[in-house]
2 protein chains.
Amino acid sequence: MAAVLPLADLKRQVAPDTWINSIIKGDCVAALEALPDHSVDAIFADPPYNLQLGGNLHRPDQSLVDAVDDDWDQFASFEAYDVFTRAWLLACRRVLKPNGTIWVIGSYHNIFRVGAMMQDLNFWLLNDIVWRKTNPMPNFKGRRFQNAHETMIWASRDAKAKSYTFNYDALKASNDDVQMRSDWLFPICSGGERLKGEDGKKVHPTQKPEPLLARVIMASTKPGDVILDPFFGTGTTGAVAKRLGRNFVGIEREQDYIDAASARIAAVEPLGKAELTVMTGKKQEPRVAFNTLVESGLVKPGQVLSDAKRRVSAIIRADGTLAANGEAGSIHRLGAKVQGLDACNGWTFWHYDDGKTLRPIDELRSVIRSGMAKLD
Amino acid sequence: MAAVLPLADLKRQVAPDTWINSIIKGDCVAALEALPDHSVDAIFADPPYNLQLGGNLHRPDQSLVDAVDDDWDQFASFEAYDVFTRAWLLACRRVLKPNGTIWVIGSYHNIFRVGAMMQDLNFWLLNDIVWRKTNPMPNFKGRRFQNAHETMIWASRDAKAKSYTFNYDALKASNDDVQMRSDWLFPICSGGERLKGEDGKKVHPTQKPEPLLARVIMASTKPGDVILDPFFGTGTTGAVAKRLGRNFVGIEREQDYIDAASARIAAVEPLGKAELTVMTGKKQEPRVAFNTLVESGLVKPGQVLSDAKRRVSAIIRADGTLAANGEAGSIHRLGAKVQGLDACNGWTFWHYDDGKTLRPIDELRSVIRSGMAKLD
DNA sequence: ACGGTGCATGAATCAAGTG
DNA sequence: TCACTTGATTCATGCACCG
């Protein structure tokens with residue numbers, strides 16, 4: 001797990017087992033060039049924020065704030081940052097599968113430039129997600145609002161990509177059965193999760209919290225997917241991907257970060273298959289034609305179906321169509337017609353009388369499906 | 001109030017009384033050209049979002065979503081939108097005072113382009129603010145996260161502007177004595193606040209809620225300041241500015257919107273000077289001890305206080321503490337104790353009988369505070 | 001005057017599979 | 001690529017109406 005690959009050994013190698021679940025050491029764009037076209041399912045990118053810090057910042061007690069002033073976060077100008085951003089985004093886009101999606105996280109210092117560039121490069125923005133921090137750093141000078149959030153952009157490769165992965169039902173189930181919103185609340189990375197060096201100092205200045213990555217990965221990937229992180233740092237993406245039964249590829253320049261990430265990922269225990277099973281909606285269940293209900297005898301030709309309030313009714317015909325008012329058609333078409341609508345889900349609209357109460361025919365479809373499941 | 005000015009009458013007139021508190025009818029950039037250099041203290045801009053909607057969207061009940069499909073939101077391309085954005089931002093920058101600040105609101109469709117352009121034009125970003133909606137529209141198809149927020153960018157005219165207005169202490173005091181964060185929670189504009197035409201339909205598709213504007217204006221302007229809104233719409237900025245003792249200038253193209261805004265603003269009653277002074281004071285709201293109420297005679301030793309439903313009661317002692325069931329303590333400690341809780345806000349928990357009804361003692365604190373305000 | 005039910009609606013880049 | 005079919009999909013709030 002987490003082999004470290006020297007960049008020179010890679011030349012757009014197609015065999016995934018040469019680079020999957022490894023950290024490629026080298027410059028981000030050069031390393032991306034070594035990966036094959038359309039080879040990763042998702043990308044999580046935490047690029048340098050281009051913080052434009054003037055002098056040092058002191059707390060009210062005069063202690064010095066340990067700001068992000070590393071070499072890799074220094075850009076001479078917006079133009080230089082744009083050139084850098086365009087290069088790594090383009091390289092990512094080539095490597096991403098046509099139905100893959102990309103996440104980029106940033107703050108107000110850089111996220112507007114990144115988002116505009118993504119639009120310029122034909123990524124299609126799906127959402128912007130706000131990470132609200134429960135415990136953000138205060139604003140010490142009292143000259144601005146406390147900067148209490150960061151922004152993530154989630155985008156598909158292009159506007160036409162319709163079948164990207166989004167585990168809507170699992171997210172909703174995990175969120176008290178209401179759909180997941182675009183504002184997420186998580187603590188910053190601290191305590192035992194925060195990697196510290198032998199000197200007790202944090203290894204990386206902007207280590208992201210694992211729960212944040214976990215939601216990203218659970219929302220937009222499937223088990224077994226390959227997730228690329230072109231700014232791997234201390235490997236939060238890799239650690240969470242491994243724990244959640246996904247694969248990763250990391251790109252990182254600094255040996256200290258690579259060392260920390262390798263050890264970290266090696267210690268991760270993946271979850272079992274049962275725990276990883278994602279709740280899915282009706283969409284993913286096998287298709288059942290209404291005629292199957294007729295053929296199996298669950299409903300009978302001549303039987304009357306009605307809507308939930310018995311305002312309209314129709315008769316089942318032997319070919320699996322319905323008839324009412326001299327018209328006939330599928331359960332969906334006729335359901336739409338009797339309501340004067342363009343569309344209708346006949347499975348939930350039409351009901352049958354079980355002797356006591358009206359029940360949707362969708363329940364009979366479930367009976368068929370459970371019978372099919374037993375054949376597995 | 002809210003005179004409507006034909007654009008032709010204005011030629012960078014310096015005398016502010018010719019355009020202050022009026023709505024200029026005309027194209028945004030052309031109208032901005034008519035205003036003098038460095039003439040407004042703050043700008044709030046709600047530009048078109050450039051939504052690129054495909055076909056129609058239906059709810060699960062097949063009803064049609066009333067989308068924003070107005071002509072003013074149609075742009076041929078990102079490039080066309082950028083040209084438009086650059087033009088109005090540049091014009092705003094000339095009109096803004098050197099120490100003025102600008103707010104721009106948008107969604108993920110446009111805010112990244114706007115933010116990047118602002119940086120390119122040398123605005124200096126101070127914060128990005130997230131407006132979290134309590135009641136956003138759901139995502140009906142379950143293909144994305146519910147889009148539950150919009151983003152505002154707050155920026156000064158340039159990096160060197162250090163003495164912009166930011167009422168840090170007033171914001172902190174209004175926020176339970178912790179500094180105001182970058183994520184704000186407000187409902188969308190609906191109910192009685194939402195302007196409706198004679199046909200019962202909304203006058204403007206994107207009317208912003210007044211509390212949002214109130215926080216913007218209270219945070220970044222002083223009483224008497226001039227606030228420009230280059231996309232005035234139905235005049236939320238003007239209405240809130242007038243109520244809060246500020247001046248406004250609006251620019252709007254559509255006569256229907258101008259008519260609605262004029263009538264709306266005319267009906268606004270400005271707050272009194274005392275109320276505004278309290279709200280904008282540099283110090284936090286003065287702390288009032290319960291004993292001050294006793295000393296001032298608003299409550300009397302021996303008087304009985306109870307909770308809102310008369311389930312528990314306590315007696316006021318001369319030293320400003322309460323006693324009940326053989327225990328005594330502050331209004332907060334005793335309130336917590338009688339409820340079996342760890343903490344309690346005694347000001348809102350305890351009520352007194354004014355002869356007709358039970359009223360919270362917090363109202364008596366307000367009486368003390370307004371008396372203190374009159375001493376200013 | 002209430003409480004309960006039903007309905008309308010808000011800045012929305014909102015489906016997937018088959019032939 | 002287009003046309004057509006199948007059938008999946010919503011949260012909070014305000015207001016009208018009714019008993």
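Values below: every heavy atom of this structure, side chains too, minus hydrogens, waters and symmetry copies. Lettering of chains follows the sequences in order, A, B, ..., and the numbering in each one begins at 1.
The residue B/Pro136 sits close to a base: some heavy atom pair falls under 4.0 Å. Residue A/Arg365 is classed as a sugar-phosphate contact, given heavy-atom separations below 4.0 Å to backbone atoms only. Nucleic acid contact class of A/Val178 (heavy atoms, under 4.0 Å, all strands): sugar-phosphate only. At the heavy-atom level, A/Glu285 lies nowhere under 4.0 Å from the strands shown. Contacts of B/Pro47 with the nucleic acid, taken as non-hydrogen atoms under 4.0 Å apart, include base atoms. Among the heavy atoms of the strands lying under 4.0 Å from B/Lys208 is at least one base atom, whether or not backbone atoms are also near. As judged by a 4.0 angstrom heavy-atom cut-off over every strand, A/Gln179 is placed among residues touching the sugar-phosphate backbone only. Heavy atoms of B/Thr206 sit under 4.0 angstrom from at least one base atom. Counting any heavy atom pair closer than 4.0 Å across all strands shown, B/Asp46 reaches a base atom. No engagement by B/Gly233 is indicated, since no non-hydrogen atom pair under 4.0 Å with the nucleic acid exists.
With DNA chain C read from its 5' end, the first of the two nearest nucleotides for B/Phe140 and B/Ser63 is the one closest to B/Ser63. A residue-by-residue look at B/Asn139 and B/Gly200 shows that B/Gly200 has its nearest nucleotide of DNA chain C further toward the 5' end.
The CZ atom of B/Phe78 sits 13 Å away from the P atom of C/dT13 (whole-angstrom rounding). Remark: P of C/dG10 and CG of B/Asp61 are 14 Å apart, rounded to the nearest angstrom. One atom, CE of B/Met137, and another, C1' of C/dT13, lie 13 Å apart when rounded to the nearest Å. If you measure from atom CD of B/Gln52 to atom P of C/dC14, you get 10 Å, rounded to the nearest angstrom. Look at CG on B/Leu64: it is 13 Å from P on C/dC14, rounded to the nearest Å. Note: CG (B/Leu53) to P (C/dC14) measures 7 Å, nearest angstrom.
Relative to the six-membered ring of A/Phe166, B/Arg144 misses at least one condition, a distance below 6.0 Å or an angle of at most 45° to the axis. The cationic atom of A/Arg93 (NZ for Lys, CZ for Arg) lies less than 6.0 Å from the six-membered ring centre of A/Phe123 and within 45° of the ring axis. In this structure, B/Arg215 satisfies the cation-pi test against B/Trp184, with its NZ or CZ atom closer than 6.0 Å to the six-membered ring centre and inside 45 degrees of the ring normal. Taking the centre and axis of the six-membered ring of B/Trp72, the NZ or CZ atom of B/Arg253 falls outside the cone set by 45° and 6.0 Å.
C/dT13 and D/dC4 have their P atoms separated by 29 Å, with the value rounded to a whole Å. Comparing the P positions of C/dG17 and D/dT9 gives a spacing of 13 Å, expressed to the nearest Å. Taking atom C1' in both D/dG7 and C/dG10, the straight-line distance is 26 Å, to the nearest Å. Across D/dA12 and C/dC14, the matching P atoms stand 22 Å from one another, rounded to whole Å. Rounded to whole Å, the separation between the C1' atoms of C/dA11 and D/dA8 comes to 25 Å.
For residues 326-352 of chain A, proximity to DNA chain D is found at A/Ser330, A/His332, A/Ala343, A/Cys344, A/Asn345, A/Trp347, defined as any non-hydrogen atom under 4.0 angstrom from a strand atom.
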Inset, instruction - May I have the step-by-step check of ring pair (Phe, Tyr, Trp, His ring centres under 6.0 Å) for B/Tyr257 and B/His204, ending in yes or no? - result: CA-CA 7 Å; B/Tyr257 298 160; B/His204 194 282; 4.4 Å; yes
Inset, instruction - Begin with the C-alpha distance, continue with both residues' side-chain angles, and end with the deciding distance and a verdict on side chain to side chain contact (heavy atoms under 4.5 Å, CB included) for A/Leu322 and A/Ser330. - result: CA-CA 6 Å; A/Leu322 297 187; A/Ser330 72; over 6 Å; no
Inset, instruction - Let me see the working for A/Trp350 and A/Phe290 under ring pair (Phe, Tyr, Trp, His ring centres under 6.0 Å), right down to the final yes or no. - result: CA-CA 11 Å; A/Trp350 294 110; A/Phe290 180 67; 9.4 Å; no
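Residue A/Asn325 qualifies as open at atom CG: its count of foreign heavy atoms under 6.0 Å is 12 or below.
Protein chain A contacts DNA chain D from D/dT6 to D/dC11, reading 5' to 3' and using non-hydrogen atoms of the protein with a distance under 4.0 Å.
Base-pairing analysis of DNA chain C finds the following stems of at least three consecutive Watson-Crick or G-U pairs, with both pairing distances under 3.5 Å: C:2-10 with D:11-19, C:15-19 with D:2-6.
In this entry the base of D/dT13 is anti relative to its sugar, with a glycosidic angle more than 90° from 0.
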